[in-house]
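Written below as structure tokens is the structure these notes are about.
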Amino acid sequence: MKKVNLNVNNEKREYEVGKIVCVGRNYVAHAEELGNEVPAFPLIFLKPPSNLIFNGDVIVHPDYSNEMHHEVELVLLIGKTVKNADDETAKNAIAGYAVGLDMTLRDLQSELKKKGHPWTLAKCFDGAAAVSDFANAGDIDFKGAEKITLKVNNEIRQDSTLDKMIFSPVEIVKYISSKMTLEEGDLIYTGTPKGVNKVERGDKLFAYIENIGKLEVEIK
Ligand code: ZN
């Protein structure tokens, strides 16, 4: 079982991670860089909680891919069960914010897309979801326009702001909860800005979101 923590009023609150729901193509410039249309609704896929790793961990590069990409993303921690949420309920369901990496085997994804098959194996492998410590939603003044960056070995690869998201965190929670119940401990990866690129074994990745968190992982 994977667990994440939140500090609320100086007390550590522990959450068992449930499903990891991911949004694809949530930044116009990223949809365009991969030659995809800008979606009218959030594009949704899942990762299993066993894929989750944390700050300081190592991602083992799967040997069946030659093109693992980094995708830096804002991650939401769901703090209460919600179904068919309205704006208010969706907002209150977000217990924490973190920065994460949705690691993607782009060569495999392109192959699967071409065949019309699910992306599952391109998005799900051990280490495919990295996440920083969570900031308590009640303690930070989340503006939705924070800087989001990813450096590989000190070189900036992704550099954007959260207001470039097509669907906001509240809109995403509303949409997902209209299709499936969100439960305490579920995580939502909200999509990546442009600049996704290949990582190599030995690379050090530094992900950062202003006022929210930072995350460092290494590729082996
Ligand atoms: Zn992603």
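Order of appearance sets the numbers: ligands from 1, and atoms from 1 within every ligand.
- Hydrophobic clustering, with ILVMFWY side chains joined whenever heavy atoms are under 4.5 angstrom apart, keeps I20 apart from L105.
- With contacts defined as side-chain heavy-atom distances shorter than 4.5 Å, the pair V173/L76 qualifies.
- Using a 3.5 Å distance cut-off with no hydrogens or angles, the side chains of T192 and Q158 do pair a donor with an acceptor.
- Counting only residues at least two apart or in different chains, ring-ring contact (aromatic ring centres under 6.0 Å, His included) contacts with residues 45-100 comprise F45-W119, Y97-F142.
- R106 pairs with exactly one of E71, E67, E111 by the side chain to side chain donor-acceptor pair (under 3.5 Å) rule, that one being E71.
- More than 12 heavy atoms of other residues, nucleotides or ligands lie within 6.0 Å of NZ in K83, so this atom counts as buried by the packing criterion.
- Residue-and-atom listing of protein N/O/S atoms under 2.8 Å from the Zn ion (ligand 1), sorted by chain and number: E71 OE1, E73 OE2, D102 OD2.
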